[in-house]
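Notes follow once the structure below has been shown.
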Amino acid sequence: MRSLWLCWALWALPLAGPGAAVTEEQVLGSLLQQLRLSQAPALDRADVEGLAVPAHVRAQYVALLQRSHGDRTRGKRFSQNFREIGGRFLASETSKHLLLVFGMEQRLPPNSELVQAVLRLFQEPVPPAALRRLERLSPRSARARVNIEWLRVRDDGSNRTSLIDSRLVSVHESGWQAFDVTEAVNFWQQLSRPRQPLLLQVSLQREHLGPGASGAHRLVRFAGQGTRGAGQGEPQLELHTLDLKDYGAQGNCDPEAPVTEGTRCCRRQMYLDLQGLKWAENWVLEPPGLLLYECVGSCLQPPGPLTSRWPFLGPRQCIASETASLPMIVSIQEGGRTRPQVVSLPNMRVQKCSCASDGAPVPRELGP
């Protein structure tokens, strides 16, 4: 009943480098790894002469080939800009968990990527009498742990939470406390119903467990729980994004234009002819060559005031942000006989190039 009620209440409210060209050594190394071989087998033409690829093996190869054009592995994302959203507490001040609701519709600009989302909560000062009483009872510790969780309401009305940020705060402090909730916004963007609000659950816990633990968590209060007037220190969500029209990649490179230092990040086509490689002779049956891509060009760097906000991020580079597997058919010797086998090499084809900063987190995939 609690889950159903809550649902109704809420709705009332491996490449060698980043994008570098794949070399024949990498293809060979990946192939050996997938087949668990130490070196490429030396096969004579007589070993594969007249070797027919069975229909089921070819069908498996074609299916993997088609899938490689649809399945993509995401890489890093990076963006910078600034927007602020006001939120509100939905739960009562006596509840163990405080629920924050942020309306997100049209808050993230189109053709932009999120670099950081910051939740700011205003910690109210503790009355001096209550603080003195706490220190007499538990003088060792006057801190509380604040947990921030993303709350997902499934289609069937059930709830699921994911821990986003957790840290200690002192009861002696007051003012704005900042929490990194970037992952929560990334999760929200993956929902099939993107118009539902962003739900963040705030909980306060003891720093230590046990009978002698401090009760400081009972004294920590955030503005917006009913103790302050509306608009005075209410929860805020800051969204830092980057407009990809200026700071993103341009897609595929112009095949007629040479790549120079001023070329904007793009995906350039390259072809690896397997028929011209000695180690692939009589071993690789399909394909005769690999159509690969590499990420080339440069990325526009954000202004100085923005980069100082995130000193842990390195310069933005042109990298492979999405990759796909490449299937091959090779000849395998077992028991004196030769047979064809399908093998898939992961992350070999660059599907998309993007501008990203070294150190930017890779968003987690949203589970069921």
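Just the heavy atoms: all of them, side chains too, but no hydrogens, waters or symmetry mates, feed the values below.
Every pair tested for salt bridge (Lys or Arg N to Asp or Glu O under 4.0 Å) that includes a residue from residues 22-31 fails, sequence neighbours excluded, so the list is empty. For residues 253-272, the set of pairs meeting the salt bridge (Lys or Arg N to Asp or Glu O under 4.0 Å) definition, not counting sequence neighbours, comprises R268-E294. Among residue pairs with one or both ends in residues 332-355, none qualify as ring-ring contact (aromatic ring centres under 6.0 Å, His included); sequence neighbours excluded.
Counting heavy atoms from C-beta outward, R337 and R339 have side chains that stay 4.5 Å or more apart. Counting heavy atoms from C-beta outward, L32 and S38 have side chains that stay 4.5 Å or more apart. Between L199 and L100 the shortest side-chain heavy-atom distance does not fall below 4.5 Å. Here the side chains of I332 and T338 are not in contact, with every heavy-atom distance at 4.5 Å or above. Residues Y61 and P287 form a side-chain contact, since some pair of their non-hydrogen atoms from C-beta on lies under 4.5 Å apart. Contact annotation: the side chain of L239 approaches that of M104 to within less than 4.5 Å [non-hydrogen atoms, C-beta and beyond]. Using a 4.5 Å cut-off on side-chain heavy atoms (C-beta onward), L274 and P288 make no contact. Within the 4.5 Å cutoff, the side chain of V202 has heavy atoms near those of the F222 side chain.
Residues forming a side chain to side chain contact (heavy atoms under 4.5 Å, CB included) with S162 (at least two apart in sequence, or on another chain): W150, F187. In terms of the salt bridge (charged side-chain N to carboxylate O under 4.0 Å, His left out) criterion, R167 has no residue partners (sequence neighbours excluded). Evaluation of the side chain to side chain contact (heavy atoms under 4.5 Å, CB included) rule for D165 yields I148, F179, D180 as partners, not counting sequence neighbours. By the side-chain hydrogen bond (donor to acceptor under 3.5 Å, both in side chains) test, Q123 pairs with Q177, sequence neighbours left out. With sequence neighbours excluded, the residues satisfying salt bridge (charged side-chain N to carboxylate O under 4.0 Å, His left out) with K278 are E281. Here D273 pairs with nothing under the side-chain hydrogen bond (donor to acceptor under 3.5 Å, both in side chains) rule; sequence neighbours left out. With sequence neighbours excluded, the residues that form a side-chain hydrogen bond (donor to acceptor under 3.5 Å, both in side chains) with T263 are T260. For W283, there are no side-chain hydrogen bond (donor to acceptor under 3.5 Å, both in side chains) partners at least two apart in sequence or on another chain. In terms of the side chain to side chain contact (heavy atoms under 4.5 Å, CB included) criterion, residue partners of A178 (sequence neighbours excluded) are, by chain and number, V118, R120.
Rounding to the nearest 0.5 Å places CD of Q351 at 7.5 Å from OG1 of T323. From L326, atom CG reaches atom CG of L31 across 11.5 Å, with rounding to the nearest 0.5 Å. In this structure, OG in S112 is found 8.0 Å from CG in L242, a value given to the nearest 0.5 Å. For the atom pair CG (L65) and OG (S344), the distance works out to 10.0 Å, reported to the nearest 0.5 Å. The CD atom of Q236 sits 7.5 Å away from atom CZ of F102, with the distance rounded to the nearest 0.5 Å. Rounding to the nearest 0.5 angstrom, the gap separating the CG atom in L28 from the CD atom in Q33 is 11.5 Å.
Between I329 and P340, the shortest heavy-atom distance links the atoms CG2-CB, 4.0 Å. Between V330 and L35, the shortest heavy-atom distance links the atoms CG2-CD1, 4.0 Å. Considering all non-hydrogen atoms of both residues, M348 and L292 come closest at O-CD2, 3.7 Å. Minimum heavy-atom separation, K352 to C295: O-SG, 4.5 Å. Shortest non-hydrogen contact noted between V171 and V126 is O-CG2, 3.5 Å. The minimum heavy-atom distance between N252 and C266, with the atom names listed, is C-CB, 4.0 Å.
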Under the criterion disulfide (SG to SG under 2.5 Å), I'd like the reasoning laid out for C299 against C355: C-alpha separation, chi angles, the key distance, then a yes or no. CA-CA 6 Å; C299 295; C355 289; 2.2 Å; yes
(Q) Determine whether K245 and N111 satisfy the following criterion, side chain to side chain contact (heavy atoms under 4.5 Å, CB included), listing intermediate values before the conclusion. (A) CA-CA 7 Å; K245 294 179 183 178; N111 194 31; 3.4 Å; yes
Please determine whether disulfide (SG to SG under 2.5 Å) holds for the pair C318 and C265, giving the CA-CA distance in whole Å, both sets of side-chain angles, and the decisive distance to 0.1 Å. CA-CA 5 Å; C318 185; C265 177; 2.0 Å; yes
Exercise for review: Check step by step if side chain to side chain contact (heavy atoms under 4.5 Å, CB included) holds for W188 and L108.
Suggested key: CA-CA 11 Å; W188 176 85; L108 289 169; 4.1 Å; yes
Working note: V220 + E124, criterion side chain to side chain contact (heavy atoms under 4.5 Å, CB included); need CA distance, chi angles, decisive distance, verdict. CA-CA 7 Å; V220 175; E124 296 184 333; over 6 Å; no
Applying side chain to side chain contact (heavy atoms under 4.5 Å, CB included), run through L285 and S331 and close with a yes or a no.
CA-CA 7 Å; L285 305 178; S331 52; 4.3 Å; yes
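Both M270 and L345 belong to a common hydrophobic cluster when Ile, Leu, Val, Met, Phe, Trp and Tyr are linked at side-chain heavy-atom distances under 4.5 angstrom. When hydrophobic clusters are built by joining Ile, Leu, Val, Met, Phe, Trp and Tyr residues whose side-chain heavy atoms come closer than 4.5 Å, directly or via intermediates, L168 is not grouped with L98. Hydrophobic clustering, with ILVMFWY side chains joined whenever heavy atoms are under 4.5 angstrom apart, keeps L204 apart from L163.
Judged by distance alone, with hydrogens and angles left aside, the side-chain atoms of S30 form no donor-acceptor pair with the main-chain N or O of V27 at under 3.5 Å. Judged purely by atom type and a 3.5 angstrom limit, S354 has no side-chain atom pairing as donor or acceptor with the backbone of A356. A distance-only check finds a donor-acceptor pair linking the side chain of R316 to the backbone of Y247 [under 3.5 Å]. Using a distance-only test at 3.5 Å, with no hydrogens or angles considered, a donor-acceptor pair links the side chain of R349 to the main chain of L291. A side-chain donor-acceptor contact under 3.5 Å links Q26 to the backbone of T23. Looking only at distances, a side-chain donor or acceptor of T182 sits under 3.5 Å from a matching main-chain atom of A117.
Judged purely by distance below 3.5 Å, without hydrogens or angles, the side chains of S166 and N147 pair a donor atom with an acceptor atom. With hydrogens and angles left out, the side-chain atoms of Q201 and E149 include a donor and acceptor closer than 3.5 Å.
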